[in-house]
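Bear in mind that the values here come from a model prediction, so they are computed numbers and not experimental data.
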Amino acid sequence: MTTQLTYAQYAAETAELIPKNAFMTTAHSGKINTMTIGWGSVGIIWRKPIFTALVRQSRFTKELVEKSGEFTITLPLADMKEALALCGTKSGRDMDKIAAANLKLADGQAVATPIIAAPGLQLECKVVYKQTMLPENLDANYQANCYADGDYHTMYFGEIVAAYKTE
Ligand SMILES: Cc1cc2nc3c(=O)[nH]c(=O)nc-3n(C[C@H](O)[C@H](O)[C@H](O)COP(=O)(O)O)c2cc1C
C-alpha cells in the first residue's frame, strides 16, 4: 500500500530520516543500481520541491544519473542496515548490488527509475540542475575534512515529481 505525502510531511520526515541514511537508485539502458547516501536535503527552489543529492565523481551512480537525468530516493522506515552497508561500500560497476543485498524493486510512479520496495519514504526526482563543486569556493576546513582525495561531489537538484510512503 502507498500513501501520498504533502511537501510539509515529506520535508519533515526526510530531515529526520536522512541522518539514518537512504538509498539513491539510478537506472539506464537496463542497468539498475543503488547506493547509500548520508547527505541530501529537501527544499523549495525555483518554486518547486527539490531534493539535492551529492554524488562523488568516482561513483557508478554518477555515470547512470548523468545518462538518465533522474533518480529515486528511498528512506527506510525499517531496519535495512545490512543492505545500506553493502550498497555504501560496493560499486555497481563490479556487482549487482540489488541482488546481493536481496533488495526488491517496484516501478516508479512518475519516473522510469524504480524504487526500493520496502517500508519507507519514496521520493522520485527529475534532475533540473547540476553543479560540480568548485574547490576554490569551498571553506578550507570542509576541504580538508571531506575532500583530501580530491573526489568532489556533483550536486544533483532533482524536482520531486512523486512523494509517498510504502509499507
Ligand atoms: C553511510 C554512508 C553514506 C554515504 N553517502 C554518500 C553520499 O551522500 N554521496 C556519495 O557520493 N557517496 C556516499 N557514500 C558512498 C557510496 O555509497 C559508495 O561509495 C558506493 O559504493 C557507491 O556505489 P556506486 O559505485 O555503485 O555508485 C556513502 C556511504 C555510506 C556507507
Counting N and O atoms only, with roles assigned by atom type, does the side chain of E124 sit under 3.5 Å from a partner on the main chain of A110, one being a donor and the other an acceptor?
yes

Value for CD (Q131) from CE (M155), rounded to nearest 0.5 Å, stands at 5.5 Å

Validation row: V161, C125 side chains within 4.5 angstrom (heavy atoms): no

With side chains defined as the heavy atoms from C-beta onward, is the minimum distance between I116 and L105 less than 4.5 Å?
yes

Apart from L123 itself, members of its ILVMFWY cluster (side-chain separation under 4.5 Å) are L5, Y7, Y10, L17, I18, M24, M35, I37, V42, I44, F51, V55, V65, F71, I73, L75, L77, L121, V127, Y156, I160

NZ of K48 to NZ of K126, rounded to nearest 0.5 Å, is 11.0 Å

Students should find that the hydrophobic cluster of M95, defined by side-chain heavy atoms under 4.5 Å apart, otherwise consists of L86

Using a 4.5 Å side-chain heavy-atom cut-off and chaining through intermediate ILVMFWY residues, the residues clustered with L64 come out as F60

In terms of heavy-atom contacts, A144 and A148 come closest through O-CB, 4.0 Å

So SG of C87 and CG of N21: to nearest 0.5 Å the spacing works out to 11.5 Å

To the nearest 0.5 Å, atom CE of M133 lies from atom CD of Q57 at 10.0 Å

Applied to residues 34-46, the side chain to side chain donor-acceptor pair (under 3.5 Å) test, sequence neighbours excluded, yields T25-T34

Closest heavy-atom pair, A101 versus A83, reported as atoms and distance to 0.1 Å, is CB-CB, 4.0 Å

Here the side chain to side chain donor-acceptor pair (under 3.5 Å) pairs for residues 69-79, sequence neighbours left out, are E70-T113, T74-Q122

Residue set satisfying ring-ring contact (aromatic ring centres under 6.0 Å, His included) with Y152, at least two apart, ordered chain then number -> Y147

The complete set of side chain to side chain donor-acceptor pair (under 3.5 Å) pairs with one or both residues in residues 80-106, sequence neighbours excluded, reads E63-R93, N102-K104

Cluster membership besides Y164, Ile/Leu/Val/Met/Phe/Trp/Tyr side chains within less than 4.5 angstrom, sorted by chain and number, is I115

Sequence neighbours excluded, the answer for salt bridge (Lys or Arg N to Asp or Glu O under 4.0 Å) partners of K62 is E66

Applying side chain to side chain contact (heavy atoms under 4.5 Å, CB included) to T3 and not counting sequence neighbours gives M1, K165

Do Q109 and Q4 have side-chain N/O donor and acceptor atoms under 3.5 Å apart? yes

Applying ring-ring contact (aromatic ring centres under 6.0 Å, His included) to F23 and not counting sequence neighbours gives none

So salt bridge (Lys or Arg N to Asp or Glu O under 4.0 Å) across residues 14-32, not counting sequence neighbours, yields none

Between T166 and A118, the two heavy atoms sitting closest are OG1-O, 2.7 Å

CG (N33) and OG1 (T26) are apart, to the nearest 0.5 Å, by 5.0 Å

Output for pair (D151 CG, H153 NE2), nearest 0.5 Å, gives 7.5 Å

